[in-house]
Amino acid sequence: MSGHVLLIRLAAPLQSWGVVSRFSRRDTHSRPTKSGVIGLCAAALGHDRADELGELTTVRFGVRADHPGTPVRDYHVVGAGRYPIRPRDVITDHRRAAALSADMAKTEGTAFGHHELADWYGAPKYIVSEPDSGALVSKQLSRAALVTERWYLADAAFVAALQHPDYAFLETIATALESPKRLLWLGRKSCPPSGTLTGPLSSGTVEEAFRSTALLPSQSIGARPSPRPWAWIEAIPGTAAAAPVQDQPVTFDPDRRAHTMRWETRTRVTIAENATEWDVIP
């Protein structure tokens, strides 16, 4: 299938493309996922999460790893510690107020802002309705620290490709990426893109676009790109050497979020000597 191809520059100090992320461990794929890039385009177009993705689900996807980056691990701790009690901390949980009232009665001067309670800081867990009052309270009054592990790709630069028969549709996406209606990030909210996103829009296939477009400049000083970068390109099911990937978005609706399977091939790309250079703001 031929048509038109829009290239998208995905570069930033950090990016993270989760696959099986949970709260305590947020992983990242070694490259941008189709789900993540389609979500990026949907946000640029101003779609709500509950909106139908429409033509976005029909594009043929590919990604070229010009600079794969370096995996980095963020040891992240949430909550715990000792902090002065504030009025709202007592108001929002009457059990804490009762426990503190006797002690605060003995305190001279201003109690708020000086009295400390160990291990209270953090999100409440195990929320239940109290039998007597009906108020929503936490079964666990203390707040133990939550340790999370988050993975990122540092100094990576990828080229994503969207292939579609409708030139005007891809042109609309290209315009939206440079004037987005919503905030954009590369997989995670803490990873905003750097510089220009929209690349060349040309006729042909993903394979042809990758071969005819020069490598992206490096994000790291002194780093040398591979002369033949790896690329992962969407393929028809049953294609020789194609592997299944569970990142074809069906809907981003939080109440019924769903993905399905697609197939892709992994190949080396030889860049043409007369390849088109990038005209971007780094």
Side-chain angles (χ1 to χ4, degrees), residues 5-19 21 26-45 59 61-74 150-163 170 173-202 206-207 209-234 247 264 266-269 271-272 275-282:
V5 179
L6 171 64
L7 297 185
I8 304 172
R9 172 183 173 271
L10 303 175
L14 291 175
Q15 45 189 294
S16 184
W17 307 93
V19 180
S21 295
R26 307 291 181 89
D27 68 350
T28 180
H29 207 341
S30 61
R31 58 190 184 275
T33 61
K34 184 176 184 179
S35 175
V37 175
I38 294 302
L40 180 81
C41 296
L45 291 166
V59 299
F61 177 74
V63 60
R64 192 182 75 186
D66 289 9
H67 305 276
T70 303
V72 294
R73 172 177 174 264
D74 176 23
R150 308 183 185 205
W151 286 89
Y152 300 86
L153 297 175
D155 298 325
F158 300 94
V159 178
L162 304 181
Q163 181 179 331
L170 294 178
I173 296 175
T175 301
L177 288 172
E178 292 309 313
S179 301
K181 296 182 178 179
R182 296 183 184 275
L183 293 177
L184 305 182
W185 49 80
L186 303 189
R188 194 171 294 165
K189 292 182 180 180
S190 58
C191 304
S194 63
T196 304
L197 278 79
T198 300
L201 175 53
S202 59
V206 172
E207 293 87 345
F210 280 166
R211 288 194 297 266
S212 62
T213 305
L215 295 171
L216 286 168
S218 173
Q219 299 288 292
S220 300
I221 298 176
R224 295 182 178 179
S226 170
R228 298 183 65 233
W230 284 107
W232 293 261
I233 302 173
E234 193 164 351
D247 72 345
E264 68 178 12
R266 179 173 179 258
T267 184
R268 289 279 193 182
V269 176
I271 308 298
T276 302
E277 295 292 336
W278 286 85
D279 182 18
V280 299
I281 301 173

> Looking only at heavy atoms, which two atoms of V5 and A209 are closest? And how far apart?
CG1-CB, 3.7 Å
> Among residues at least two apart in sequence or on other chains, which ones pass side chain to side chain contact (heavy atoms under 4.5 Å, CB included) with E277?
A214
> Any chance you could lay out the side chain to side chain contact (heavy atoms under 4.5 Å, CB included) test for L14 and R188, step after step, and finish with the verdict?
CA-CA 9 Å; L14 291 175; R188 194 171 294 165; over 6 Å; no
> Return the OG1 to CZ distance between T276 and R211, rounded to the nearest 0.5 Å.
13.5 Å
> Quick one: does K189's side chain have a donor or acceptor within less than 3.5 Å of a partner on L183's backbone?
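Not a single qualifying donor-acceptor pair exists.
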> Looking only at non-hydrogen atoms, find the nearest pair between I173 and L162 and report the distance.
CD1-CD1, 4.3 Å
> Between K181 and L45, is any pair of side-chain heavy atoms under 4.5 Å apart?
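Side-chain contact under 4.5 Å: no.
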> As an exercise, state the distance from CD1 of I8 to OG1 of T198, rounded to the nearest 0.5 Å.
7.0 Å
> I want to check something: taking the side chain as every heavy atom from C-beta on, are W278 and V159 in contact at a cut-off of under 4.5 Å?
yes
> Counting C-beta onward and ignoring hydrogens, is there a side-chain heavy-atom pair between F210 and L7 closer than 4.5 Å?
yes
> Is a donor on one side and an acceptor on the other found under 3.5 Å between the side chain of D247 and the backbone of T33?
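Flag not set: sc D247 to bb T33 has no pair under 3.5 Å.
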> Could you tell me whether a side-chain N or O of T28 sits under 3.5 Å from a main-chain N or O of W17, the two making a donor and an acceptor?
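Yes, because the side chain of T28 sits within donor-acceptor range (under 3.5 Å) of the backbone of W17.
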> Quick check: does any side chain N or O of S194 sit under 3.5 Å from a backbone N or O of A11, one acting as donor and the other as acceptor?
yes
> Minimum heavy-atom separation for D27 to V19, with atom names?
OD1-N, 3.1 Å
> Working note: L216 + F158, criterion side chain to side chain contact (heavy atoms under 4.5 Å, CB included); need CA distance, chi angles, decisive distance, verdict.
CA-CA 8 Å; L216 286 168; F158 300 94; 6.0 Å; no
> Between atom CG of L177 and atom CZ of R9, what is the distance when rounded to the nearest 0.5 Å?
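Going from CG on L177 over to CZ on R9, the span is 12.5 Å.
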> Under a 4.5 Å cut-off applied to non-hydrogen side-chain atoms, are L197 and L40 in contact?
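Yes, their side chains come closer than 4.5 Å.
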> Side chains of V206 and E234, heavy atoms from C-beta outward: is any pair under 4.5 Å?
no
> Could you go through D155 and H67, starting from their C-alpha distance and side-chain angles, then the distance that decides it, and tell me whether this counts as side chain to side chain contact (heavy atoms under 4.5 Å, CB included)?
CA-CA 8 Å; D155 298 325; H67 305 276; over 6 Å; no
> Looking only at heavy atoms, which two atoms of R64 and I271 are closest? And how far apart?
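Taking R64 first and I271 second, the nearest heavy atoms are NH1-CD1, 3.4 Å.
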> Which pair of heavy atoms, one from S16 and one from C191, lies closest together, and at what distance?
N-SG, 4.1 Å
> Which heavy atom of E178 sits nearest to which heavy atom of P180, and what is that distance?
C-CD, 3.4 Å
> Taking the side chain as every heavy atom from C-beta outward, state whether D74 and R26 have any pair of such atoms under 4.5 Å apart.
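No, every pair of side-chain atoms sits at 4.5 Å or beyond.
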> Go through the steps for W151 and V72 under the test side chain to side chain contact (heavy atoms under 4.5 Å, CB included), then give the verdict.
CA-CA 6 Å; W151 286 89; V72 294; 5.9 Å; no
> Given side chains that start at C-beta, do those of L186 and L153 come closer than 4.5 Å, heavy atoms only?
no
> For W232, which residues count as a side chain to side chain contact (heavy atoms under 4.5 Å, CB included) partner, sequence neighbours excluded?
R31, V63, A65, W230, E264, R266
